[in-house]
Amino acid sequence: MPMAWQPAPLSAPYPLPTLAKQTNQPLPSGFALEQYRVDRKISHGGFSIVYLAHDDAGTAYAIKEYLPAGIAVREGNNPAPVVLPEKRRAFMLGMKSFFEEARLLANINHPNVVRVLNFFRANETAYLVMPYESGVSLQQYLRLPSGAADSGNEAFLRDMFVRLLAGLREVHARKLLHLDIKPANIFVRRDGTPILLDFGATRLGLGEANVNLMAINTPGFAAPEQEGSGEPLGPWTDIYAVGATMYFCLASIAPPRARDRLKEDLLEPAAQRGVGRYSPQLLDLIDWCLKLSIAERPQSVFTLQKVLGGELLDLVDPSWFPAQPPS
């Protein structure tokens, strides 16, 4: 799974992450990609490099380049990566998935979902063009003094996740799943509004048991059905990750890995972890999302939105809203 898009703000009002060593050489400053010109690398991960780029009008963009480490290597001045012969099939399958991600996201125009403006092939690989936004990931934001203060502010968390769920609801309405929601894949704009990023795990066929999980699951945020429980994927899978992300905001740590919880559930419930700091309603909602069985979790984001938005004020016991197991 590619590392989250984490563009540095143009005015750099936040501390920037320290990038780990990158084996592959990024494209040089000034390199032309269709109508865009590369300024600099702004982040990288195991499957991609992200650049700040500008067009001829001076508009800034974030461009994600498909470049999986360990499969493709760029060295010297050659912009085209060299793909290991035995990895050619894996490289092509990954690029197909990369293009599918771009195609699907290009059809979604929602303020809380990353927008894909263009995608194309060049240099024997593929590129995805997004608007350049000022801000940091939620993971970075929570490390800032202002972010740490906001994480203890229930009104901030409710507003943040109501907006995020609005974007996720749009994704689910199109029969898609994200499958890697976590603080690193949520971008916080400078105005505090969130954007859901990095749909590299997205697959067609909402809820189908044979979804191809090429992506790397993130321990603590991946649902049990992503880690071998045998239950089918569905909206409830992303809902588990939303609950894990909210848990991270209040506890500063992720829940235990789902496969470990299936053997022995040592999760300290949010209702205990956040007692006295957050309302019982919010804490019960988090614990509801983190149920191990898919039938015991919310089945859609709509109910979560209503609870977080204050429309369901009498939530004390999640069993009051029994989930219906998928047919």
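Salt bridge present: K182 and D180 bring a charged side-chain N and a carboxylate O closer than 4.0 Å. Of the charged side-chain nitrogens involved, none lies within less than 4.0 Å of a carboxylate oxygen, so that D55 and R37 do not count as a salt-bridged pair. Ion pairing between E100 and K96 fails under the 4.0 Å rule for side-chain N and carboxylate O. Between K64 and E101 there is a salt bridge, with a side-chain nitrogen of the basic residue lying less than 4.0 Å from a carboxylate oxygen of the acidic one. Using a 4.0 Å cut-off between charged side-chain N and carboxylate O, E231 and R297 make no salt bridge.
Counting heavy atoms from C-beta outward, Y247 and L290 have side chains that approach closer than 4.5 Å. At a threshold of 4.5 Å between non-hydrogen side-chain atoms, the residues L157 and F161 count as touching. Within the 4.5 Å cutoff, the side chain of S151 has no heavy atoms near those of the F248 side chain. Between L33 and Q35 the shortest side-chain heavy-atom distance does not fall below 4.5 Å.
To the nearest 0.5 Å, atom CG of residue N185 and atom OG1 of residue T218 are 7.0 Å apart. Distance check: N112 CG to I195 CD1 gives 8.0 Å after rounding to the nearest 0.5 Å. The CG atom of L292 sits 6.0 Å away from atom OH of Y240, with the distance rounded to the nearest 0.5 Å.
Aromatic pair F119/Y127: ring centres not closer than 6.0 Å.
Between the side chain of T125 and the backbone N or O of Y66 there is at least one donor-acceptor pair closer than 3.5 Å. Not a single donor-acceptor pair under 3.5 Å links the side chain of R115 to the backbone N or O of P111. Under a 3.5 Å cut-off, the side chain of D238 and the backbone N or O of G234 do not form any donor-acceptor pair.
Residue E268 places its CD atom among more than 12 non-hydrogen atoms of other residues, nucleotides or ligands, all under 6.0 Å distant. For N77, the CG atom is loosely surrounded, since the number of other residues' heavy atoms within 6.0 Å does not exceed 12.
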- Query: Going through the checks in order, is the side-chain contact (heavy atoms from CB on, under 4.5 Å) test met by K41 and L27?
  - Reply: CA-CA 8 Å; K41 179 182 76 174; L27 295 171; over 6 Å; no

- Could you walk me through whether L250 and I286 pass the side-chain contact (heavy atoms from CB on, under 4.5 Å) test, one step at a time? CA-CA 10 Å; L250 67 89; I286 295 171; 3.3 Å; yes

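For the residue pair R259 and Q226, no side-chain donor N or O sits within less than 3.5 Å of a side-chain acceptor on the partner. In the model, E65 has no side-chain atom that pairs as donor or acceptor with a side-chain atom of S48 under 3.5 Å. Side-chain N/O atoms of N118 and Y61 include no donor and acceptor closer than 3.5 Å.
Looking at every heavy atom in both residues, A258 comes nearest to E227 through N-OE1, 3.6 Å. Closest approach of P232 and T237 over heavy atoms only: O-OG1, 4.3 Å.
V82 is not connected to L84 by any chain of hydrophobic side-chain contacts under 4.5 Å among Ile, Leu, Val, Met, Phe, Trp and Tyr, and they are in different clusters. Linking ILVMFWY side-chain heavy atoms closer than 4.5 Å, directly or via other members, places V114 and I108 in a single hydrophobic cluster.
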